[in-house]
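One structure is given here, and the rest of the page talks about it.
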Amino acid sequence: MDLIIPGSGLIIWQIIGFSILLFILAKFAWKPILSALDEREKSIEEALKSAEIARNEMANLKAENEKIIHEAKLERDEMLLKATETAKKIVEEAKDVAQVEGAKMLEAAKKAIETEKHAAMEEVKVQVAALSLSIAEKVLRKSLADESKQKALVEEWIKEYKLN
Amino acid sequence: MVRKFLYLSVLLSVFWIGFSNVAVAAGDEEDKTGFIMHHVKDSHEWHFATFGHTHITLPLPVIIYSSDRGLEIYSSSNFQNPETHLFGKEYGHNGYYIDEHDHLKAVDDRSFLDLSITKNVAMLFIVLAVVLWILLAAASHYKKNPGTAPKGAASFIEPIVVFVRDEIALPNIGHHKYKNFTPYLLTIFFFIWFGNLLGLFPGAANLTGNIAVTATLAIFTFFVTNLNGNKDYWKHVVATPGVPLPLLLIIVPVEIIGLFTKPFALMVRLFVAITAGHIVILSFIGLIFVFESYAVGFASTIMVVFINMIELLVATIQAYVFTLFSAMYIGQAVAQHDHH
């Protein structure tokens, strides 16, 4: 048979054979194979997508956690700052009050001391006067214990009077 | 056996040293050409080998349909010399004979249809059986084990199926329509690929290097393309937009011729690539018996192995190219021109 002239019989057999092949393969091979491939690809795609979603959620959660931690830190710092300030204020106030109180007490003490001093001085004066009197009395008694001295003294006085 | 391969020296004269006296000395040129071409062309008998005078052949059914005598079936051995296995007018049977070019003819020149199971038709059945066997085996895996990784035949065909779908059908046809044509493209690809590969077996027929087969495949693509052509496609053919009327007189015939040159190119490309490959391999084998030298035998064997490797590649490339161009033609026919 010739090389470049197609044989009619072969063309007919080829048309029949290829049509049957196309029909059988399309129905029983390509349909299940292509749909199975499609399904598998879809499921892989979905799995990847859900993994991506999960990853994003994880990232979101992490970010949220960090945010919460950060906020908590900020709050803590603020609270610490406030507490320190309050403590300082309290100490400051306490100091002021103590100073004023102290000053007042000192004043009162000074006054009391002054008053006591005066009172003591008065008493000392009275005591000194009494003591002086008693001493003078004792001296006088001693010096005038015998009658000669008394007569001498009287005589002295009379002399003085006489002079006057 | 040596005598048989001496015939192959014709290939040498055709393709290699052509008019060298060595080749001419090998024997009668006419006879040799006939023998080489006998390997490449179709036949009513499947010839495997000849040892001395013993021909190892498979006689094939000769099926004839004529309007006056209906369907007739004979064995091709009825039409040949039982000793030499040669066909000829003198070995006619029941009013028919097969001439020396392997054409079935009627003695009285009646018209009839030759539906014989020739070597290539038998090869076609083998290719169909192999393709169906492998692909149905693969399909059954997908049906039985949905959602699992491919195994066996399925793991063999899956990358190819995915390649044809994603690299040939999708980019050339577009995501709107490619799913409709993927089964056709896959069938074309696997048929041509297995046809090419099985044709490389020693003793196999040159199915995909036969012009009737490539022509039929091209006709399939022609019909698939043009029956699915949309309005834009036909408008481009019969009234190309944006072209002034005088030019249309030239453009339109060119476009109409283009409808037919596309499948023609498909037909010729596959036919030539596969047939040429077979001829080159045979010619290298023929060299050994022309020179009858160990050195040439060694070199030729290396070359035959090398060409066979290339042929394995060509078998795949040609299947790919035929499928790719079919996809491109279909893609042009169904393209949606949004910019118009």
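Here is the naming used below: chain letters follow the sequence lines, and residue numbers restart at 1 for every chain. Just so you know, these numbers come straight off a predicted model, no measurement behind them.
In this structure, chain A has no heavy atom under 4.5 Å from any part of B/Ile219. Interface residue B/Asn210: only side-chain heavy atoms are found under 4.5 Å from chain A. Looking at B/Val213, the atoms closer than 4.5 Å to chain A (heavy atoms on both sides) sit in the backbone and in the side chain alike. Using a 4.5 Å cut-off between heavy atoms, B/Leu113 touches chain A through its side chain atoms alone. The parts of B/Leu115 that come within reach of chain A are both its backbone and its side chain, each placing non-hydrogen atoms under 4.5 angstrom from that chain. For B/Ile188, the parts sitting under 4.5 Å from any heavy atom of chain A are the backbone and the side chain alike. With a 4.5 angstrom heavy-atom cutoff, A/Ile15 touches chain B via backbone and side-chain atoms both.
The CZ atom of B/Phe220 sits 3.5 Å away from the OG atom of A/Ser19 when rounded to the nearest 0.5 Å. Put simply, CG on B/Leu136 and CG on A/Leu25 are 6.5 Å apart, with the number rounded to the nearest 0.5 Å. One finds the CD1 atom of B/Ile211 at 11.5 Å from the CG atom of A/Leu10 (value rounded to the nearest 0.5 Å). Considering CZ of B/Arg165 and CH2 of A/Trp30, their distance stands at 12.0 Å, rounded to 0.5 Å.
Between A/Gln14 and B/Leu217 the shortest side-chain heavy-atom distance falls below 4.5 Å. Proximity of B/Lys144 to A/Pro32: side-chain heavy atoms (C-beta onward) are nowhere separated by under 4.5 Å.
Pairing each heavy atom of A/Trp13 with each of B/Ser116, the nearest pair is NE1-O, 3.5 Å. The two residues B/Leu128 and A/Gly17 have their closest heavy-atom pair at CD1-CA, 3.6 Å. Across B/Ala139 and A/Ile33, no two heavy atoms sit closer than the pair CA-CG1, 3.8 Å.
Highest contact tally toward chain A, considering only B/Phe125, B/Phe271, B/Phe191, is held by B/Phe191 [criterion: heavy-atom pairs under 4.5 Å]. Contact count against chain A (heavy-atom pairs under 4.5 Å) is highest for B/Leu135 among B/Val127, B/Ile63, B/Leu135. Considering only heavy-atom pairs separated by less than 4.5 Å from chain A, the leading option among B/Pro150, B/Ser140, B/Ala138 is B/Pro150. Taking chain B as the reference chain and counting heavy-atom pairs below 4.5 Å, the highest number among A/Glu39, A/Glu41, A/Lys31 is found for A/Glu41.
Residue A/Glu147 qualifies as open at atom CD: its count of foreign heavy atoms under 6.0 Å is 12 or below. For A/Ile4, the CD1 atom counts as loosely surrounded, since its 6.0 Å shell holds 12 or fewer non-hydrogen atoms of other residues, nucleotides or ligands. Other residues, nucleotides and ligands contribute over 12 non-hydrogen atoms within 6.0 Å of the CZ atom of B/Phe163.
Proximity to chain A among residues 179-186 of chain B is limited to B/Lys179, B/Thr182, B/Pro183, B/Tyr184, B/Leu186, judged by heavy-atom separations below 4.5 angstrom.
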Apply side-chain contact (heavy atoms from CB on, under 4.5 Å) to A/Leu21 and B/Phe190, showing your working.
-> CA-CA 10 Å; A/Leu21 183 74; B/Phe190 277 96; over 6 Å; no
